[in-house]
Asks: 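The structure that follows is given in the form of structure tokens.
Proteins get letters first, then strands, A, B, ... in listed order; numbering begins at 1 in each.
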Amino acid sequence: MEDLRDFIRDRVRRDLADGVVEGVVTRFPPEPNGYLTIGHAKSICLNFGIAEEFGGNTYLRFDDTNPLKESQEFVDAIRRNIDWLGFDWGTVTFASDYFDDLYRFAEELIDNGLAYVDSQSAQDVAATRGSFTEPGRESPYRNRPIDENRELFRRMRAGEFADGEHVLRARIDMGAANLVMRDPVLYRIRHATHHRTGDDWCIYPMYDFTHCLCDALEGVTHSLCTLEFENNRELYDWVLDNTGVEFHPPQIEFSRLNLEYTVMSTRFFRMLVERGGVAGWDDPRLPTLSGLRRRGYTPEMIRDFCSRIGVTKQENRVEMELLEFCARNALEDAAPRGMAVLDPLPVTITNYPSDEDEVLEAPWHQKRPELGTRRITFGRSLAIERDDFMESPPRRYRRLSPGEMVRLRHGFIIRCDEVIRDVDGEAVELRCAYFPESKSGSDTSGLRPKGVVHWVSRSSGVSADVRLYDRLFSVAAPSPDEMESQLNPESLVARKALVEPALVEAEASRFQFERLGYFYKDPVEHSAATPVFNRIVTLRDSYRP
RNA sequence: UGGGGUGUCGCCAAGCGGUAAGGCACCGGGUUUUGAUCCCGGCAUACGCAGGUUCGAAUCCUGCCACCCCAGCCA
């Protein structure tokens, strides 16, 4: 976490040293039109991180200028996400807090002949914008007298016109090479109820007009945004240079995060949520912060990940392995261990002397004895993973097969003597002998089995729902137009597992199921009566058959 | 096609004229009652390409090439 270096931090450091700014003020400006993703986390870590490191302040500012797409639900969810990530915002603001100020700045532009009310249709505005190579054509309303513009704008705000009848446009240059500068729309009429200002307004300012002014009004010293806004920077500067606002923040762009096998598309996720393709915005397969949280990721993991990916202007697509590494890295020391069998194959200990089980003790964490121990039961009736038995194993197989021995983790060594099969020849039960003197921790048997497998007592084991999550898409880089068909049909596999009771009884919520992976008690569906575990990530597996 | 950007190992990413950091991944080996962890070692004569300047270039210059963004009354 310490000593993060990137071109933006270098810039901030330089500005501070050169006295260009006296302190640092950043802002994280989400539009409340969906849930935050891990892509936003990159921006959050950057903005809040810089303020923390340089003793500055960060505004959480909701960019709520489009009432058609935004809602209170999203505002609330975003606040919860940021809170969860562990960042303290100095102040929460809304672009809508500045609607009055913005209106006055617009009047100022009109008064200076730098904005006009255009009464063309949206189609005409688009048709006269020109192309990459052709200049645009000036609107017939472009030279409207200032007084008329002022009056028309007043009437727009007063609600005298229908949606689309007029817009307020900046009067810049229809021949500009940068299309953003060809008389951009500043205000449009929208008779829609806003989640905060209700029906107070029926005209709403556009992003390009709003964002720079809000930054300036809040004294933002470094306005950080993603690469796709590079073209908008010229307009950002134009607005600030042509209004009476006293402060002029620099806009600095960095590349957004792309992750393999997923997308960061709010629009696509909304569709998935609405069509039931996923359980909700917090579906553990989604790269939303709510989804990652429900999957079992912690804020520390996300922040560690963000510190490892860096900040540059290069387009990127980070491998999932890095995110998974961050999860395992944090869980290796933190997570208590336990045993669960996802696909049980019954094992009967034929020479077990009693029908009574015996209690064994096993450490919660082999390397952290201070975590204590839990009790596991051993007896005649057990189960191992179906994958841990093979009739005719390959050369270096280290699990159970006919006639071979294997150690039951924290228990005894057993030998497979007989395989019971069903009519299809499928193994349905293993009849094994155990070696009483091979008890874990006090083994005097001298036997050297070639492997260790996890197991659970069938008489005391608890049935649990285990959800095995995998990548959302089956391709590393989903293409925008084929996303639906590229979804991974096996992104969720539900299993009825047999787990040791201590796992359910324990206070902890994240565990390592030995040899399988890290799992998290589902925060909404898990209960002692109906245990539900989400797989956060598998263990690394170097086994090559 | 005009404008704005970016090109360093499979994926991220340092480097800012003095002779290629680091992380992830991967490959060996050791330890191991998790094929995990941990430990040790390996992994770009090479920086999109071609010229040039220089004693010396990933870093400077010129010319190409590739990729990304922009023609919403979205953000």
Asks: Parallel, tilted or perpendicular: which one describes the rings of A:Y236 and A:H211, with boundaries at 30° and 60°?
Replies: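 Correct class here is tilted.
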
Asks: Is the glycosidic angle of B:G72 within 90° of 0, making it syn, or outside that range, making it anti?
Replies: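 That one's syn.
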
Asks: Ignoring the backbone of A:R337, work out which of B:A75, B:U34, B:A71 is nearest its side chain.
Replies: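 Nearest to the side-chain atoms of A:R337, counting from C-beta on, is B:U34.
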
Asks: Quick one: are the ring centres of A:F435 and A:F412 less than 6.0 Å apart?
Replies: no

Asks: With both distances under 3.5 Å as the test, what is the Watson-Crick or G-U wobble partner of B:C43?
Replies: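 When the pairing criteria are applied, nothing turns out to pair with B:C43, so the answer is none.
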
Asks: What's the closest nucleotide to the A:L322 side chain, out of B:C69, B:G3, B:C24?
Replies: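 Shortest atom-to-atom distance from the side chain points to B:C24.
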
Asks: Considering only atom C1', compute the distance from B:G52 to B:A57 and round it to an integer number of Å.
Replies: 11 Å

Asks: Indicate, with a heavy-atom threshold strictly under 4.0 Å, whether A:V185 touches base, sugar-phosphate, or nothing.
Replies: sugar-phosphate

Asks: Can you find a donor-acceptor pair, distance only, under 3.5 Å between A:N231 side chain and B:G5 base?
Replies: no

Asks: Suppose you measure atom C1' in B:G51 against the same atom in B:C70; what distance do you get, rounded to whole Å?
Replies: 33 Å

Asks: Measuring from the side chain of A:V452 (C-beta onward, heavy atoms only), which nucleotide among B:G2, B:U34, B:U37 has the closest atom?
Replies: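 Of the candidates, B:U34 comes closest.
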
Asks: Under 3.5 Å, is there a donor-acceptor pair linking the side chains of A:E514 and A:H410?
Replies: yes

Asks: Is the closest basic N to carboxylate O distance between A:K450 and A:E404 below 4.0 Å?
Replies: yes

Asks: Quick one: on RNA chain B, does A:F7 or A:E332 contact a more 5' nucleotide (nearest heavy atom)?
Replies: A:F7

Asks: I'd like the C1' distance from B:U31 over to B:A36, given in whole Å.
Replies: 13 Å

Asks: Taking the side chain of A:K367 as heavy atoms from C-beta outward, which of B:G15, B:A75, B:A36 is closest to it?
Replies: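 Side chain of A:K367 sits closest to B:A36.
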
Asks: Determine the interatomic distance between C1' on B:G7 and the same-named atom on B:G15; round to the nearest Å.
Replies: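 B:G7 and B:G15 have their C1' atoms separated by 15 Å.
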
Asks: Please give the distance between the C1' atoms of B:C67 and B:G48 as a whole number of Å.
Replies: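 Straight-line distance between the two C1' atoms is 10 Å.
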
Asks: Roughly how many Å apart are B:C24 and B:A58, using the C1' atom of each and rounding to a whole number?
Replies: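 B:A58 and B:C24 have their C1' atoms separated by 23 Å.
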
Asks: What's the spacing between A:Y35 OH and A:N81 CG if we round to 0.5 Å?
Replies: 8.0 Å

Asks: Any base atoms under 4.0 Å from A:K450, or only sugar-phosphate, or nothing? Heavy atoms, all strands.
Replies: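 Nothing, no heavy atom under 4.0 Å.
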
Asks: Respond yes when some side-chain nitrogen or oxygen of A:R188 is under 4.0 Å from OP1 or OP2 of B:A75, and no when none is.
Replies: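 Yes, A:R188 has a side-chain N/O under 4.0 Å of OP1/OP2 on B:A75.
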
Asks: Touch check for A:R169, heavy atoms < 4.0 angstrom, all strands: base, sugar-phosphate only, or nothing?
Replies: nothing

Asks: Parallel, tilted or perpendicular for A:W364 and A:F511, by the 30°/60° rule?
Replies: tilted

Asks: May I ask you to say what A:G411 touches in the nucleic acid, namely base, sugar-phosphate or nothing, with a heavy-atom cut-off under 4.0 Å?
Replies: nothing

Asks: For B:G28 and B:C43, measure between their P atoms and round to the nearest Å.
Replies: 15 Å

Asks: At less than 4.0 Å, is any side-chain N or O atom of A:R540 found next to OP1 or OP2 of B:U37? Yes or no.
Replies: yes

Asks: Choosing from B:U6, B:G35, B:G2, which nucleotide comes nearest the side chain of A:D541?
Replies: B:G35

Asks: Tell me which nucleotide among B:G23, B:C74, B:A71 gets nearest to the side chain of A:R308.
Replies: B:G23

Asks: Would you mind telling me which residue lines up with the more 5' stretch of RNA chain B, A:H410 or A:V311, judged by nearest nucleotide?
Replies: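 Whichever sits nearer the 5' end wins; that is A:V311.
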
Asks: What contact category does A:F229 fall into here, base, sugar-phosphate, or nothing, at under 4.0 angstrom with non-hydrogen atoms?
Replies: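 Base contact.
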
Asks: Partner of B:G72 by Watson-Crick or G-U wobble geometry, both contacts under 3.5 Å, or none?
Replies: none

Asks: Is the shortest side-chain N/O distance from A:Q314 to OP1 or OP2 of B:A13 below 4.0 Å?
Replies: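 Answer is yes, contact under 4.0 Å.
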
Asks: Is there a donor and acceptor pair closer than 3.5 Å between the side chain of A:R233 and the base of B:G4?
Replies: no

Asks: Mind checking if A:T65 touches a base, just sugar-phosphate, or nothing, with heavy atoms under 4.0 Å?
Replies: sugar-phosphate

Asks: Look at the side chain of A:R407 against the base of B:U33 and say whether a donor-acceptor pair falls under 3.5 Å; ignore hydrogens and angles.
Replies: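 Per atom types, the contact qualifies.
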
Asks: Closest approach to the side chain of A:R317, judged atom by atom: which nucleotide of B:U1, B:C12, B:C73 is it?
Replies: B:C12

Asks: Determine: side-chain N/O of A:S542 to OP1/OP2 of B:G35, distance under 4.0 Å, yes or no.
Replies: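 Result: no.
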
Asks: Taking atom types as modelled and ignoring hydrogens, do the side chains of A:R144 and A:S119 form a donor-acceptor contact shorter than 3.5 angstrom?
Replies: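 Looking only at side-chain atoms, A:S119 and A:R144 do form a donor-acceptor pair, the distance falling under 3.5 Å.
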
Asks: Counting Watson-Crick and G-U wobble pairs only, both distances under 3.5 Å, name the nucleotide matched with B:C9, or none.
Replies: none

Asks: Looking for any heavy atom pair under 4.0 Å, which part of the strands does A:R182 touch: base, sugar-phosphate only, or nothing?
Replies: nothing

Asks: Identify whether any heavy atom of A:R396 sits under 4.0 Å from a base atom; if not, whether one sits that close to sugar-phosphate; answer base, sugar-phosphate or nothing.
Replies: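 It contacts base atoms.
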
Asks: Give one of base, sugar-phosphate or nothing for A:F325, where a contact means two heavy atoms less than 4.0 Å apart.
Replies: sugar-phosphate

Asks: Taking the same atom, C1', in B:U32 and in B:C47, what whole-Å distance lies between them?
Replies: 41 Å

Asks: Has A:R129 got a side-chain N or O lying under 4.0 Å from the OP1 or OP2 atom of B:C73?
Replies: yes

Asks: From the list B:G2, B:G35, B:C73, which nucleotide is the closest neighbour of the side chain of A:V125?
Replies: B:C73

Asks: Mind checking if A:D163 touches a base, just sugar-phosphate, or nothing, with heavy atoms under 4.0 Å?
Replies: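 No contact at all - A:D163 keeps every heavy atom at 4.0 Å or more from the nucleic acid.
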
Asks: How long is the gap from NE2 on A:H40 to OG1 on A:T266, to the nearest 0.5 Å?
Replies: 5.5 Å

Asks: Taking only side-chain nitrogens and oxygens of A:S255, does any of them come within less than 4.0 Å of OP1 or OP2 of B:C68?
Replies: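 Checking A:S255 against B:C68: no side-chain N or O falls below 4.0 Å of OP1 or OP2.
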
Asks: For a quick check of understanding: with a heavy-atom distance under 4.0 Å over all strands, which category does A:I309 fall into, base, sugar-phosphate or nothing?
Replies: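 The residue A:I309 makes sugar-phosphate contact but no base contact.
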
Asks: Does the structure show a Watson-Crick or G-U wobble partner for B:U34, both distances under 3.5 Å? Name it, or say none.
Replies: none

Asks: Would you say the base of B:G10 and the side-chain of A:E319 have a donor-acceptor pair closer than 3.5 Å?
Replies: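 By the distance-only test, yes, there is a pair.
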
Asks: So does A:R328 get a side-chain nitrogen or oxygen closer than 4.0 Å to the phosphate oxygens (OP1/OP2) of B:A36?
Replies: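 For B:A36, neither OP1 nor OP2 has a side-chain N or O of A:R328 closer than 4.0 Å.
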
Asks: Output yes when a side-chain donor or acceptor of A:N316 lies under 3.5 Å from a complementary backbone atom of A:Q314, and no otherwise.
Replies: yes

Asks: So A:Q120, base contact, sugar-phosphate only, or nothing? Heavy-atom distance under 4.0 Å.
Replies: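 Answer is base: heavy atoms of A:Q120 come under 4.0 Å of a base.
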
Asks: Stacking here means centres under 5.5 Å and planes under 30°; does A:F132 stack on B:G2?
Replies: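 Yes, A:F132 stacks on the base of B:G2.
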
Asks: B:U1 base to A:E134 side chain: any donor-acceptor pair below 3.5 Å?
Replies: no

Asks: Under 4.0 Å, heavy atoms only, any strand: does A:E260 hit a base, just the sugar-phosphate, or nothing?
Replies: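 Answer is nothing: A:E260 stays at 4.0 Å or more from every strand.
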
Asks: Check this for me, if you would: do A:R196 and A:E70 make a salt bridge, where the nitrogen-to-carboxylate-oxygen distance has to be below 4.0 angstrom?
Replies: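 Answer for the salt bridge query: no.
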
